[in-house]
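Predicted, not measured: the structure shown is a model, and the values here were computed from it. Numbering of ligands and ligand atoms starts at 1, following listing order.
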Amino acid sequence: MKVLVKNQLIERDEAKVDVEDRGYQFGDGVYEVIRMYNGQFFTYDEHIERLYASAAKIDLVIPYSKPELRALVDSLMKANNIGTGNVYLQITRGEQSPRNHVIPSTPPEAVLTASASEVPRDTTLFENGRKAILEEDVRWLRCDIKSLNLLGNSIAKNKAHQAGAFEAILHRGENVTEGSAANAYMIKDGKLMTHASNNLILEGITRQIILRVAEENGIPVVESGFTLTDLAAADEVFISSTTIEVTPIVEIDGKVVGDGKRGPITKKLHDAFTKEIMQQCGELAVN
Ligand code: PDD
């Protein structure tokens, strides 16, 4: 397997990163996960825009132009012969010795690392849905930055896993924010409800498409969020991300959502989302 370290494509077991990279010591960096179908990137530009925007929010300068980065990512996917899979890329602020919370006034060289893996579409996710638990959202207040600090997310997701569920739906008090690694939505009386895009959630690229296709399909969108009480009375619930597309949530904390199956609006949105993928990446097996 080949990986990217800075601007070099190398064998994974030859890759080296510094022990005093601020990415390790402070989680000081940003990342993206981009999906590829049939050897074509899906929403590549949107992810790269968000990567540069996340970096700018922490005053991290990405040492590559967008075309340079594209050439590097293309070479990574080609070298690993990815057809349908994911690329993970991160950029840390780089090496600082000795360790110091204060960011050096002359910034170190930012360190790009990236890996790619073949991951087929799991249509059972979309058709059968998954279970979720509820967890208090204890993350920091800049969830709009796709930063490497994922401890709050990871601990919540792990609690879900230990409970036999797939995802943790997070809430700050009464207000539902998002999933630990996905955006969260509910449907009530034909309306699609989700948290506003602000500092409390990551504005998902998948979310942007879902909200657009909802409007195109005449499904009213309410972006003012919803509460735990609303959620308990939802007709349908689903989550979305680059890797899980539109995944229905059929049970929350042991309580069945709706009739326990993927709901009709969730299916309609996923069908429309699948069309978007096919427009950019070619035919997919229909689910
Ligand atoms: N996570 N919210 C959070 C907290 C996320 O981690 C993600 C994605 C999303 C959805 O964003 P998008 O639709 O752009 O993938 C929302 C990625 C997939 C991950 O960390 O693996």
Side-chain angles (χ1 to χ4, degrees), residues 23 27 29-37 41-55 57 84-91 113-117 119 121-122 125-126 130 132-161 166-172 175-186 192 194-214 223 225 237-247 249 269-270 272-274 276-277 280-281:
V30 294
Y31 79 103
E32 276 298 329
V33 179
I34 313 177
R35 192 107 173 97
M36 188 176 239
Y37 301 92
F41 281 115
F42 180 58
T43 55
Y44 178 89
D45 291 344
E46 290 84 343
H47 283 279
I48 293 301
E49 287 301 324
R50 187 174 63 187
L51 180 71
Y52 279 77
S54 289
K57 287 176 186 176
T84 292
N86 302 330
V87 58
Y88 172 82
L89 60 139
Q90 68 168 47
I91 304 201
T113 50
S115 58
S117 48
V119 183
R121 280 180 105 212
D122 178 2
L125 269 182
F126 321 137
R130 291 292 184 264
I133 62 164
L134 295 172
E135 269 296 306
E136 184 69 35
D137 191 343
V138 296
R139 300 172 302 160
W140 72 332
L141 297 174
R142 291 306 307 274
C143 299
D144 54 311
I145 302 172
K146 202 160 171 64
S147 97
L148 299 179
N149 290 272
L150 291 178
L151 205 46
N153 306 63
S154 172
I155 287 172
K157 180 100 177 176
N158 196 53
K159 277 194 185 160
H161 179 73
F166 178 77
E167 179 58 301
I169 295 178
L170 306 177
H171 56 95
R172 290 191 191 262
N175 296 314
V176 174
T177 50
E178 61 178 338
S180 73
N183 290 116
Y185 313 75
M186 62 166 270
L192 175 62
T194 195
H195 196 281
S197 170
N198 60 19
N199 62 309
L200 299 183
I201 68 160
L202 181 76
E203 187 184 7
I205 305 300
T206 320
R207 175 185 183 278
Q208 291 171 3
I209 296 176
I210 290 168
L211 298 192
R212 174 167 57 75
V213 298
E223 267 189 273
V237 176
F238 68 89
I239 54 176
S240 78
S241 86
T242 297
T243 50
I244 60 161
E245 300 181 14
V246 177
T247 291
I249 293 298
L269 289 169
H270 191 238
F273 184 77
T274 306
E276 296 284 321
I277 299 173
Q280 288 186 33
C281 307

To the nearest 0.5 Å, tell me how far I133 CD1 sits from L170 CG. 9.0 Å
For N183, the ligand 1 atoms with a heavy-atom partner under 4.0 Å come out as 10 (C), 16 (C)
Answer with side chain, backbone, both or neither: which part of C143 has a heavy atom less than 4.0 angstrom from an atom of ligand 1? neither
Hey, does F126 have a side-chain heavy atom less than 4.5 Å from the side chain of T247? yes
Give a yes/no verdict on a cation-pi contact between K57 and Y52, requiring under 6.0 Å between NZ or CZ and the six-membered ring centre and an angle within 45° of the axis. no
I239 CD1 to I244 CD1 distance, which is reported to the nearest 0.5 Å: 3.5 Å
Nitrogen or oxygen of Y31 less than 3.5 angstrom from that of ligand 1: yes
Distance from atom 12 (P) of ligand 1 to nearest protein heavy atom, with residue and atom: T242 OG1, 3.4 Å
The closest protein heavy-atom partner of atom 17 (C) of ligand 1 is K146 NZ, 3.4 Å
Could you check atom 5 (C) of ligand 1 against the protein and tell me its nearest heavy-atom contact, residue, atom and distance included? A181 C, 3.4 Å
Please step through salt bridge (charged side-chain N to carboxylate O under 4.0 Å, His left out) for the pair E32 and K146, ending with a clear verdict. CA-CA 7 Å; E32 276 298 329; K146 202 160 171 64; 5.3 Å; no
Check step by step if salt bridge (charged side-chain N to carboxylate O under 4.0 Å, His left out) holds for R207 and E178. CA-CA 11 Å; R207 175 185 183 278; E178 61 178 338; over 6 Å; no
When you measure from the heavy atoms of R50 to every atom of ligand 1, does any distance fall below 4.0 Å? yes
Can you find an N or O of H47 that's nearer than 3.5 Å to an N or O of ligand 1? no
As an exercise, state the distance from CD1 of I210 to OG1 of T194, rounded to the nearest 0.5 Å. 8.5 Å
Does the side chain of E245 come under 3.5 Å of the side chain of T206 through a donor N or O and an acceptor N or O? no
With a 4.0 Å cut-off, would you call E167 and R130 a salt bridge? no
Using non-hydrogen atoms of the residue, decide whether S180 is closer than 4.0 angstrom to ligand 1. yes
Given H195 and V176, is the side-chain contact (heavy atoms from CB on, under 4.5 Å) satisfied, shown in steps? CA-CA 7 Å; H195 196 281; V176 174; over 6 Å; no
Proximity of I201 to ligand 1 by residue part, where a heavy atom lies under 4.0 Å: neither
Considering only the protein, which heavy-atom contact is closest to atom 11 (O) of ligand 1, and what is its distance? G204 CA, 3.4 Å
Students should be able to answer this: which protein heavy-atom is nearest to atom 13 (O) of ligand 1, and at what distance? T206 OG1, 2.5 Å
Checking the N or O distance criterion of under 3.5 Å, is ligand 1 in contact with R139? no
Counting both backbone and side chain atoms, is some N or O of I205 under 3.5 Å from an N or O of ligand 1? yes
Can you see which heavy atom on R35 is nearest to which on T243, and at what distance? CD-CA, 4.3 Å
Relative to the heavy atoms of V33, which atoms of ligand 1 are at a distance of less than 4.0 Å? 19 (C), 21 (O)
Is the shortest N/O to N/O distance between N153 and ligand 1 below 3.5 Å? no
Minimum-distance protein heavy atom relative to atom 2 (N) of ligand 1: E178 OE1, 2.7 Å
